[in-house]
Novice: 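Before anything else, here's the structure in question.
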Amino acid sequence: MANVPDKPTLDGIEERWSGVWDTEGIHTFDRSATREGVFAIDTPPPTVSGSLHMGHVFSYTHTDAIARFQRMTGKSVFYPMGWDDNGLPTERRVQNYFGVRCDPAQPYVEGFEPPFRGDPPKDHRSIPISRPNFLELCDELVELDETVFEELFRRLGLSVDWSLLYATIDERSRRVSQRAFLRNLSRNEAYSAEAPTLWDVDFQPAVAQAEMEDRERPGAYHKLAFHRTDGAGDIEIDTTRPELLAACVALVAHPDDERYQPVFGTTVRTPLYGVEVPVLAHPLAQPDKGTGIAMICTFGDLTDVIWWRELQLPTRAIIARNGRIISEPPDGVDAAAFAEIAGLTVKQAQKRVVEMLAESGEMIGEARPIQHPVKFYERGERPLEIVTSRQWYIRNGGRDTDLRAALVARGHELTWHPTHMRHRYENWVEGLNGDWLVSRQRFFGVPFPIWYPVDADGEPDHDRPILPNEADLPIDPSTDVPAGYTSDQRDQPGGFTGDPDVLDTWATSSLSPHIAGRWEDDPDLFSRVFPMDMRPQGHDIIRTWLFASMVRSHHEHGCVPWGNASLSGWILDPDRKKMSKSKGNVVTPMGLFETYGTDAVRYWAASARPGVDTAFSEDQMKVGRKLANKILNITRFVHGLGEPAAEASVNEPIDQAMLARLDQVIHDATDGFANFDYARALERTESFFWWFCDDYVELVKSRAYSAASGGQDSARLALGTAVNVLHRLFAPLLPFATEEAWRWDHETSVHIAPWPSQQSLGGNADLLDPVLDVLAQVRRAKTEAKVSQRAEVATLEIRVSSATAPAEEAGLAARREAGSIREVTVVPGDAESLSCTVELVPSDSD
RNA sequence: GGGCGCAUAGCUCAGUUGGCUAGAGCGCUUCCCUUACAAGGAAGAUGUCGGGGGUUCGAGUCCCUCUGCGCCCACCA
């Protein structure tokens, strides 16, 4: 017997049911399921560096809807959560939160207390602390942030199995990350090399191709005169970076450029510094750019690197890792001139060099300002410089066409949602110009599990790395000692030294399926979940997270890591402007949950088609709340009618017709969810639902109330059936309201109820159209007469079109269904469409 | 420069093998306290489906082209 509250309400249902779900364990992954019976999700681990925003709510709702659908179809859903807490975002937040900065030269302080916990004053100068102390603070803050994230995700109703929680800095992740790297190394998929590297001079890590971006910046062409050594005059070049003149190693022009044919193979002397450099030809030089001939410096930009490599030029680097000019001039550079810029920042050096060139008369004319794209680290504030350093790389096809083709082919094995997102992947893979740089000169990350022997001169031997056993992972080479050595041999001649770097955060998060699935730690579990079914993520990180995951899986397993990639769109402001704190228009997810209810917010998220950028809309949330409320009310209404007899059947054509429509909805919704299109499932279900409430229920209401005209049980049973099915169709999208209504007459959760299947009663859905046409005309008559919809109709004359059977039935049905109609006549007519004449009962009042 | 996407009512968007008179919600107008729901309900108005051309009995839907907007990628002095 149904237990329906007098006044159904949405208030408080989130807390009530999420608590019950935990107790009943309905989200628990059943690891006894076979691989075919499992639906495994490679949940994106959110970066734990502050607060959750609407973007999280948006995309995680989409995944949860899919997860809940799959669970109802009988799959054991592997739905983990992870925190991406290693890496620079956390370091930055720790610096700002505690007012400290990491200085590896500092000694460890036992029981260190940071000067602040949250919001140090603006004039506070960060204090340097040791690396171990810094890492302790990282751990502390990360734990704090993760608590807040978990609370919000629970409130959002994510059906994740929280026992599967991981963090990308935890021991398990470090072990997986180090193991995978060592295997890459053993198969020669990873290597270290001394090479020009993009370098952020502020954060001082090496930067990978995927992490840099172009920004338009003002610059200026400076025209400089290089002196031909054959005495035949000067060659003029344009440069935006005169400060690198001392690093110049050659001039280059296009091989077909007629103007420079005579000078190819000759040499010139650089202005100020007097270094003799060759004039060379290379097809990358553009005749229409500047004077058509460029100076090659080590290194001004990535083109310089290409020229340097392909033309086998010497290195004459002058920029240090801190972004300043080095103190000693490279060989052959005029020492006095160089002393003028030694130690200066790039900007200061440029100013000084321009002054000197002006004095010497080697600069022709004034500098000409331009806007040009400059490479930046995506989180950085100053342009990237290129320095030579030893770094670790993982092969990703950037310098190997076979591997590249193989990875493009892997992209075709994946099913993309929406399909056009694959182009972004291919575009990226085909445009790679180097291997994946995975080493970072940072602190809060997974250390490279590597030591190096130190030779008699105290220099590390990078060609003979010392590796740990997999069984000992994870290790920290800065504290652990390799086999065969003792700790007092650290950094001593003849001893060993640990690799100081940490792995790129993507090098760990690209292994999220392995971390969540406990690769090698629990082979039985791993075999049941890998390759996974679904990777949900934002389209902005296809080039990083998605691609890196493909690379790792390709190397380690020779397969794709998942069958489907589901790409979510962005959240835009209602006015299409960026939401920002400074404008004060940022809304917090928790506030919205409280105002509209979680289901309403989820409704807004689920209304957006997969992959489409979507405006933030509180109006949509209001609609969602209305929908959730309606589900409760319609359920209450149907239960209030009383139960049909046990032997009742849906035998009225009108009721069968409604269920036939519902069958189509079940089909469409199932199809939508199965293809990761939660929005289509919602749209179909919702539009049926409103039709059901507004038209069908109004139509059969009077029959369901009273046994007088027959067909009462058919109506009750049809109503009950439809509501029951609708609960289940909506359950993945509006988990709280559906659970609330479902539990009025069920002991167990709607979320583990079987997904609805079609009824196949063979009803004729078309039958409803003429009946509803009559209903609409009666309503219109009442509205035009400005009377209540409850007003009685004295006579209703229905002129059916061409006496077709459905039309006849419509008349008969209308006669019985509409309880407030006293007399109905059905007239066969020859009009094109059905029409009615409605005569209302005059009001008794006064 | 290359690639991808978008353009339908005042606003946000559906419209999936081409097929009834192009839909929904919000907003707007009018009306109704009705016993599931007034944080509700009924009815109504509003469209050169971005422009042009083509295929077809038939095009919002397919093809070509143009325009505007957005995103991704790219090796430049």
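Per chain, numbering begins at 1; letters A, B, ... match sequence-line order. A quick note: this is a predicted structure, and the numbers were derived from the prediction, not measured.
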Novice: Does B:A77 have its OP1 or OP2 closer than 4.0 Å to a side-chain nitrogen or oxygen of A:K289?
Specialist: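 Looking at the OP1 and OP2 atoms of B:A77, one of them is under 4.0 Å from a side-chain N or O of A:K289.
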
Novice: Salt bridge or not for A:K626 and A:D599, using N-O below 4.0 Å?
Specialist: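 Not counted as a salt bridge, because no side-chain N and carboxylate O are separated by less than 4.0 Å.
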
Novice: For A:W691, which residues count as a ring-ring contact (aromatic ring centres under 6.0 Å, His included) partner, sequence neighbours excluded?
Specialist: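 By the ring-ring contact (aromatic ring centres under 6.0 Å, His included) rule, A:W691 matches A:F688.
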
Novice: Can you name the residues that form a side-chain hydrogen bond (donor to acceptor under 3.5 Å, both in side chains) with A:E211, not counting sequence neighbours?
Specialist: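 Applying side-chain hydrogen bond (donor to acceptor under 3.5 Å, both in side chains) to A:E211 gives A:R440.
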
Novice: Got a sec, which residues hit ring-ring contact (aromatic ring centres under 6.0 Å, His included) with A:Y603, two or more places apart in sequence or on another chain?
Specialist: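 A:Y603 satisfies ring-ring contact (aromatic ring centres under 6.0 Å, His included) with no other residue.
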
Novice: Check whether any side-chain N or O of A:N629 sits under 4.0 Å from OP1 or OP2 of B:G40, and answer yes or no.
Specialist: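 So the side chain of A:N629 is outside the cut-off, no N or O lying under 4.0 Å from OP1 or OP2 of B:G40.
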
Novice: Would you list the protein and nucleotides 42-45 of chain B atom pairs, both N or O, that sit under 3.5 Å from each other?
Specialist:
| residue | atom | partner | partner atom | Å |
| --- | --- | --- | --- | --- |
| B:A42 | O2' | A:T783 | OG1 | 3.1 |
| B:A42 | O2' | A:Q789 | NE2 | 2.8 |
| B:A43 | O4' | A:T783 | OG1 | 3.4 |
| B:G44 | OP1 | A:R780 | NE | 3.0 |
| B:G44 | OP1 | A:R780 | NH2 | 3.4 |

Novice: Using purine N1 to pyrimidine N3 plus N6-O4 or O6-N4 for Watson-Crick, or N1-O2 and O6-N3 for G-U wobble, both under 3.5 Å, which nucleotide pairs with B:G25?
Specialist: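 Its partner is B:C11 (Watson-Crick or G-U wobble, both distances under 3.5 Å).
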
Novice: If you compare every side-chain N and O of A:Y705 against the phosphate oxygens of B:A36 (OP1, OP2), does one of them come in below 4.0 Å?
Specialist: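 Answer yes for this pair, as a side-chain N or O of A:Y705 is under 4.0 Å from OP1 or OP2.
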
Novice: Using the P atom on both, measure B:G5 against B:A24 and round to a whole Å.
Specialist: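 It works out to 30 Å between them.
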
Novice: For nucleotides 15-17 of chain B, list the nitrogen or oxygen atoms of the protein found under 3.5 Å from its nitrogen or oxygen atoms, one pair per line.
Specialist:
| residue | atom | partner | partner atom | Å |
| --- | --- | --- | --- | --- |
| B:U16 | N3 | A:R680 | NH1 | 2.8 |
| B:U16 | O4 | A:R609 | NH2 | 3.3 |
| B:U16 | O4 | A:R680 | NH1 | 2.3 |

Novice: State whether A:Q209 places a side-chain N or O below 4.0 Å from either non-bridging phosphate oxygen (OP1 or OP2) of B:C73.
Specialist: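 Indeed not, no polar side-chain atom of A:Q209 lies that close.
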
Novice: Determine the interatomic distance between P on B:A7 and the same-named atom on B:C62; round to the nearest Å.
Specialist: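 B:A7 and B:C62 have their P atoms separated by 11 Å.
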
Novice: Taking only residues two or more places apart in sequence, or in another chain, which ones meet A:N427 in a side-chain hydrogen bond (donor to acceptor under 3.5 Å, both in side chains)?
Specialist: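 Not a single residue meets the side-chain hydrogen bond (donor to acceptor under 3.5 Å, both in side chains) criterion with A:N427.
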
Novice: Output a table of nitrogen or oxygen pairs between the protein and nucleotides 1-8 of chain B separated by less than 3.5 Å.
Specialist:
| residue | atom | partner | partner atom | Å |
| --- | --- | --- | --- | --- |
| B:G2 | N2 | A:N427 | ND2 | 3.1 |

Novice: If you measure from the P atom in B:C11 to the same atom in B:A36, how many Å do you get, rounded?
Specialist: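 These two P atoms come out 39 Å apart once rounded.
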
Novice: Could you check which of B:G41, B:A38, B:C73 has an atom nearest any side-chain atom of A:R543?
Specialist: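 Nearest to the side chain of A:R543 among the choices is B:C73.
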
Novice: So does A:K630 get a side-chain nitrogen or oxygen closer than 4.0 Å to the phosphate oxygens (OP1/OP2) of B:G41?
Specialist: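 Indeed, a polar side-chain atom of A:K630 lies that close.
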
Novice: What nucleic acid atoms does A:G292 come within less than 4.0 Å of, heavy atoms only: base, sugar-phosphate, or nothing?
Specialist: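 The answer is base, as A:G292 lies within the cut-off (heavy atoms under 4.0 Å) of a base atom.
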
Novice: Give one of base, sugar-phosphate or nothing for A:K7, where a contact means two heavy atoms less than 4.0 Å apart.
Specialist: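 Contact class for A:K7: sugar-phosphate only.
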
Novice: Between B:C69 and B:U8, how far apart are the C1' atoms? Round to whole Å, please.
Specialist: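 Here B:U8 and B:C69 have their C1' atoms 16 Å from each other.
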
Novice: My understanding is that a pair needs two contacts under 3.5 Å, Watson-Crick or G-U wobble. By that rule, which nucleotide pairs with B:A45?
Specialist: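 Base partner found: none.
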
Novice: Could you state the CG-P distance from A:L302 to B:A74, rounded to the nearest angstrom?
Specialist: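 In whole Å, B:A74 P and A:L302 CG are 10 Å from each other.
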
Novice: Could you point out which residue of A:W570, A:W428, A:Y425 forms a ring-ring contact (aromatic ring centres under 6.0 Å, His included) with A:H539?
Specialist: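 Running ring-ring contact (aromatic ring centres under 6.0 Å, His included) over A:W570, A:W428, A:Y425 with A:H539 returns exactly one hit, A:W570.
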
Novice: Is A:K626 near enough to B:C26 that one of its side-chain N or O atoms lies under 4.0 angstrom from OP1 or OP2?
Specialist: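 For A:K626, the contact criterion (side-chain N or O under 4.0 Å from OP1 or OP2 of B:C26) is met.
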
Novice: Is it true that atom CD of A:E366 has more than 12 heavy atoms of other residues, nucleotides or ligands lying nearer than 6.0 Å?
Specialist: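 Not more than 12 within 6.0 Å, no.
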
Novice: Considering only the C1' atoms, how many Å lie between B:C73 and B:U65, rounded to the nearest integer?
Specialist: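 The same atom, C1', in both gives a distance of 26 Å.
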
Novice: Determine the contact category for A:C693: base if any of its heavy atoms lies under 4.0 Å from a base atom, sugar-phosphate if only primed atoms, P, OP1 or OP2 are that close, otherwise nothing.
Specialist: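 Base, at least one base atom sits under 4.0 Å.
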
Novice: Within residues 238-251 of chain A, which residues have any heavy atom lying less than 4.0 Å from an atom of RNA chain B?
Specialist: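 Those residues whose heavy atoms fall under 4.0 Å from RNA chain B, taken from residues 238-251 of chain A in numerical order, are A:D238, A:T239, A:T240.
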
Novice: Any strand counts, and the cut-off is 3.5 Å on both contacts for Watson-Crick or G-U wobble. Which nucleotide pairs with B:C20?
Specialist: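 Its partner is none (no Watson-Crick or G-U wobble pair with both distances under 3.5 Å).
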
Novice: Please determine which of A:R602, A:R625, A:E618 meets the side-chain hydrogen bond (donor to acceptor under 3.5 Å, both in side chains) test together with A:Y596.
Specialist: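 One option only clears the test, and that one is A:E618.
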
Novice: Among residues at least two apart in sequence or on other chains, which ones pass ring-ring contact (aromatic ring centres under 6.0 Å, His included) with A:F226?
Specialist: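 None.
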
Novice: Considering Watson-Crick and G-U wobble pairs with both distances under 3.5 Å, what does B:A39 pair with?
Specialist: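 Paired with B:A39, as far as the under-3.5 Å criterion goes, is no nucleotide at all.
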
Novice: Please list, chain by chain and in numerical order, all residues satisfying ring-ring contact (aromatic ring centres under 6.0 Å, His included) with A:Y260, sequence neighbours excluded.
Specialist: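 Residues passing ring-ring contact (aromatic ring centres under 6.0 Å, His included) with A:Y260: none at all.
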
Novice: Check A:E686 with A:K630, please: is the shortest side-chain N to carboxylate O separation under 4.0 Å?
Specialist: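 The answer is no: the pair does not qualify as a salt bridge.
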
Novice: When both hydrogen-bonding distances must be under 3.5 Å and the geometry is Watson-Crick or G-U wobble, what is B:U34 paired with, if anything?
Specialist: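 In the structure as shown, B:U34 has no Watson-Crick or wobble partner.
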
Novice: What side-chain donor-acceptor pairs closer than 3.5 Å can you find for residues 301-308 of chain A, not counting sequence neighbours?
Specialist:
| residue | atom | partner | partner atom | Å |
| --- | --- | --- | --- | --- |
| A:D301 | OD1 | A:T303 | N | 2.9 |
| A:D301 | OD1 | A:D304 | N | 2.9 |
| A:D304 | OD2 | A:G300 | N | 2.8 |
| A:D304 | OD2 | A:D301 | N | 3.3 |
| A:W307 | NE1 | A:H282 | ND1 | 3.1 |
| A:W308 | NE1 | A:L313 | O | 3.2 |
| A:W308 | NE1 | A:T315 | OG1 | 3.2 |

Novice: How close or far is atom P of B:C71 from atom CD1 of A:I541, stated in whole angstroms?
Specialist: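 In whole Å, B:C71 P lies 18 Å from A:I541 CD1.
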
Novice: Going by the rule side chain to side chain contact (heavy atoms under 4.5 Å, CB included), which residues pair with A:P278 if we only count those two or more places apart in sequence or in a different chain?
Specialist: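 Here the qualifying residues are A:A250, A:L280.
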
Novice: Sort out the partner of B:G5 for me: Watson-Crick or G-U wobble, both distances under 3.5 Å, none otherwise.
Specialist: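 Looking at the geometry, B:G5 pairs with B:C69.
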
Novice: Where the side chain of A:V623 is concerned, which of B:A77, B:C75, B:C26 is the nearest nucleotide?
Specialist: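 From the listed options, B:C26 comes nearest.
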
Novice: Applying a 4.0 Å non-hydrogen cut-off, can you work out what A:W691 is touching in the nucleic acid: base, sugar-phosphate, or nothing?
Specialist: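 No contact at all - A:W691 keeps every heavy atom at 4.0 Å or more from the nucleic acid.
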
Novice: Under 4.0 Å between any heavy atoms, over every strand shown, what does A:D540 touch: base, sugar-phosphate, or nothing? Just pick one.
Specialist: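 Nothing, no nucleic acid heavy atom in range.
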
